[in-house]
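Just so it is clear, the values below take in all heavy atoms, side chains as well, and ignore hydrogens, waters and symmetry mates. These figures come from a predicted structure and were not determined experimentally.
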Amino acid sequence: MRSEASNILILGGTAEARSLAATLVADGLDVESSLAGRVSSPRLPAGRVRIGGFGGASGLARYLQEQRITHLIDATHPFAAHMSAHAVEAIQQVDGVSLLRLVRPGWGEHPDAPSWHWVPYLAAAPVVVDGRGHRPVRTTGRQSRPFFADLRAEQVLIRVVDPMDAPKPSWTVVLDRGPYEVCDETELMKRHGVDVLVTKDSGGIYTSAKLAAAASLDIPVVVVSRPEPGATQGGLCVTTAADIPEVLAWLSRSARMLQPPTMRG
């Protein structure tokens, strides 16, 4: 069905990326997953794994050529805009590589979405949070720390995968990773007296339990909208897929012997 010459690189780190790698490896394809290395003990996907950056778009382009990659699948987090941009820039420097963006649907169609407080970017969230509650729970990741440093909230509950450096005295840090269950999310919010939820529009089902928990407790929700790259990036039309079956269909359509990748220019 798919070309035996396919050499697939997945830019991963997400649950979808791990599921995709497992599916492709079980199908007998040559798959390597690349993780950014921001988590100290990541869940490793099936197949070959590399950890660490490439050195920008040019470094990724060289890697595609050196490893004779035929298919590049960008399955990074919906908010990993820089890595997605690098993927587009990289394949524009190399001939013979097909690019697909695997991105989970956002929560915009969620039944409760109209009642949430949407903000266009992370820096706008603290002002809205301060006007909605005194004990927020923040699930926006460690990199969002600078934007929440000046919250006026009495207590802030922060959930992260790895420990934070020097959290503020008013912050309670919980180390955990998904997927999460609604009952556990509800208990967490009750135990810490949470009265507002702050999250990114990560989408999908793996971290959506907190939304149901907030609804059951009548807690307001502040959602940071995901970046919108548009249909084209850098002049290139990027094919997208919402789930693994769509990725498999894309691979089937491109099932042909590709020439070894070569640098342009």
Side-chain angles (χ1 to χ4, degrees), residues 13-16 38-39 43 76-81 103-228 242:
T14 60
E16 290 86 356
R38 291 176 179 166
V39 177
R43 291 175 176 167
T76 56
H77 192 276
F79 280 78
V103 56
R104 67 187 75 150
W107 288 326
E109 300 302 318
H110 191 284
D112 297 330
S115 68
W116 298 337
H117 305 279
W118 292 81
V119 294
Y121 42 81
L122 191 60
V127 174
V128 178
V129 173
D130 279 331
R132 296 295 182 280
H134 302 285
R135 292 176 178 269
V137 56
R138 197 197 83 192
T139 63
T140 51
R142 285 191 305 165
Q143 295 184 20
S144 65
R145 172 178 177 149
F147 299 102
F148 290 90
D150 296 325
L151 274 175
R152 297 196 304 269
E154 299 171 4
Q155 295 289 329
V156 179
L157 176 63
I158 300 174
R159 183 168 63 200
V160 289
V161 175
D162 289 328
M164 300 183 68
D165 294 329
K168 295 178 65 174
S170 60
W171 292 0
T172 298
V173 179
V174 175
L175 301 181
D176 198 5
R177 71 171 81 201
Y180 307 100
E181 300 292 337
V182 175
C183 59
D184 295 327
E185 296 287 67
T186 303
E187 193 278 332
L188 179 72
M189 293 181 189
K190 284 183 176 180
R191 175 161 32 99
H192 293 277
V194 169
D195 59 6
V196 57
L197 167 65
V198 191
T199 186
K200 294 178 180 177
D201 181 18
S202 299
I205 62 174
Y206 296 99
T207 61
S208 62
K210 59 192 170 189
L211 303 173
S216 70
L217 298 173
D218 198 25
I219 292 175
V221 178
V222 178
V223 183
V224 181
S225 298
R226 62 172 58 181
E228 293 290 346

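In this structure, K190 and L217 have side chains that are in contact, with non-hydrogen atoms separated by less than 4.5 Å. Inter-residue side-chain proximity for F148 and I158 is flagged as unmet; no heavy-atom pair is nearer than 4.5 Å. In this structure, the side chains of P163 and L175 come closer than 4.5 Å at one or more pairs of heavy atoms.
The two residues S170 and Q155 have their closest heavy-atom pair at O-OE1, 3.0 Å. A pairwise comparison of heavy atoms in W107 and K200 identifies CZ3-O, 3.1 Å as the closest pair. The two residues S202 and P78 make their nearest non-hydrogen contact at O-CG, 3.4 Å. Summarising the geometry of L151 relative to V156, their closest heavy-atom pair is CD1-CG2, 4.0 Å, with the distance given to 0.1 Å. Of all non-hydrogen atoms in L122 and S144, the two that sit nearest each other are CD2-CB, 3.2 Å. Taking every heavy atom of both residues into account, V160 and M164 meet most closely at CG2-CG, 4.0 Å.
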Given V224 and F79, is the side-chain contact (heavy atoms from CB on, under 4.5 Å) satisfied, shown in steps? CA-CA 10 Å; V224 181; F79 280 78; 4.2 Å; yes
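Checked options D130, V194, V196; the residue passing with P136 is V196 (criterion: side chain to side chain contact (heavy atoms under 4.5 Å, CB included)).
If you take CE on M189 and CG on L197, they are separated by 5.0 Å, rounding to the nearest 0.5 Å. Rounding to the nearest 0.5 Å gives a distance of 11.0 Å between CG of L211 and OG of S216. Between D201 atom CG and R104 atom CZ the span is 10.0 Å, to the nearest 0.5 Å. Rounded to the nearest 0.5 angstrom, E16 CD and T76 OG1 are separated by 10.5 Å. Rounding to the nearest 0.5 Å places CD1 of I219 at 12.5 Å from CZ of R135. Atom CG of L157 is separated from atom CG of L188 by 5.0 Å, given to the nearest 0.5 angstrom.
Sorted by first and then second residue, the ring pair (Phe, Tyr, Trp, His ring centres under 6.0 Å) pairs with a member in residues 162-209 form an empty list; sequence neighbours excluded. Evaluation of the salt bridge (charged side-chain N to carboxylate O under 4.0 Å, His left out) test over residues 107-121, restricted to residues two or more places apart or in two chains, returns none. Note on residues 109-131: pairs passing ring pair (Phe, Tyr, Trp, His ring centres under 6.0 Å), not counting sequence neighbours, are H110-W116, W116-W118.
Applying the side chain to side chain donor-acceptor pair (under 3.5 Å) test to E181 and every residue at least two apart in sequence or in another chain returns nothing. For T139, the side chain to side chain donor-acceptor pair (under 3.5 Å) partners are T199, K210, not counting sequence neighbours. In this structure, the side chain to side chain donor-acceptor pair (under 3.5 Å) partners of D162, at least two apart in sequence or on a different chain, are S40.
Summarising the local packing, CZ of R152 is surrounded by 12 or fewer heavy atoms from other residues, nucleotides or ligands at distances under 6.0 Å.
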